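Before any comments, here is the structure.
Numbers for residues simply follow the sequence, beginning at 1. Since the structure is predicted, the reported quantities are computational estimates derived from the model, not experimental observations.
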Amino acid sequence: MSRIPAAVCVAATLLGAAESGAEPVNPFARPYAAAEATTRTETLTPAERPTLRGVIVAGADSIANLNGTLLAIGEEEAGYRLESVAEDRATFRFRDQPVTLLLEPPTDSAEQAP
């Protein structure tokens, strides 16, 4: 029995999807439907400064996690519109002013214990 390398199988699958007219899979796509995002009840108040929890740097497909909400470039949460993403920061526009939020280093709970 011959073994076919995994890369050949993946390439064949992708070519088959392209030929069938199927939409290619975006690895940066959100795992939930857009309808779920609009029914979200948790919102930020404009007065509080949000926390940048994480970023995925991928050019035009970059994503930032703002207080638990995933935002693509151009999307907005509580008045903060994501403009750009870098390795350790994300730049938003809030009330026509640029706001750059930095990723905070993780805190070790053992160090904080009395």
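A distance of 13.0 Å separates OH of Tyr80 from OG1 of Thr69, quoted to the nearest 0.5 Å. Atom CD1 in Ile56 sits 13.5 Å away from atom CD in Glu87 (nearest 0.5 Å). The OG1 atom of Thr51 sits 8.0 Å away from the CG atom of Leu101 when rounded to the nearest 0.5 Å. In this structure, the separation between CG on Asn65 and CD on Glu77 is 10.5 Å, given to the nearest 0.5 Å. Within the model, atoms OG1 of Thr91 and CZ of Arg81 stand 14.5 Å from one another, a figure rounded to the nearest 0.5 Å. For the atom pair Arg53 CZ and Leu103 CG, the distance stands at 12.0 Å (nearest 0.5 Å).
Nearest heavy-atom pair, Phe94 versus Ala78, reported as atom, atom and distance to 0.1 Å: CE1-O, 3.7 Å. Across every non-hydrogen atom of Val85 and Ala64, the tightest pair is CG2-CB, 4.4 Å. Minimum interatomic distance between Pro50 and Leu66 (heavy atoms only, all atoms of both residues): CB-CD1, 3.3 Å.
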Open item on the list: Walk me through whether Leu52 and Leu102 qualify under side chain to side chain contact (heavy atoms under 4.5 Å, CB included).
Closed with: CA-CA 7 Å; Leu52 183 63; Leu102 300 175; over 6 Å; no

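Remark: Arg93 engages Glu83, Pro98 in a side-chain contact (heavy atoms from CB on, under 4.5 Å) (not counting sequence neighbours).
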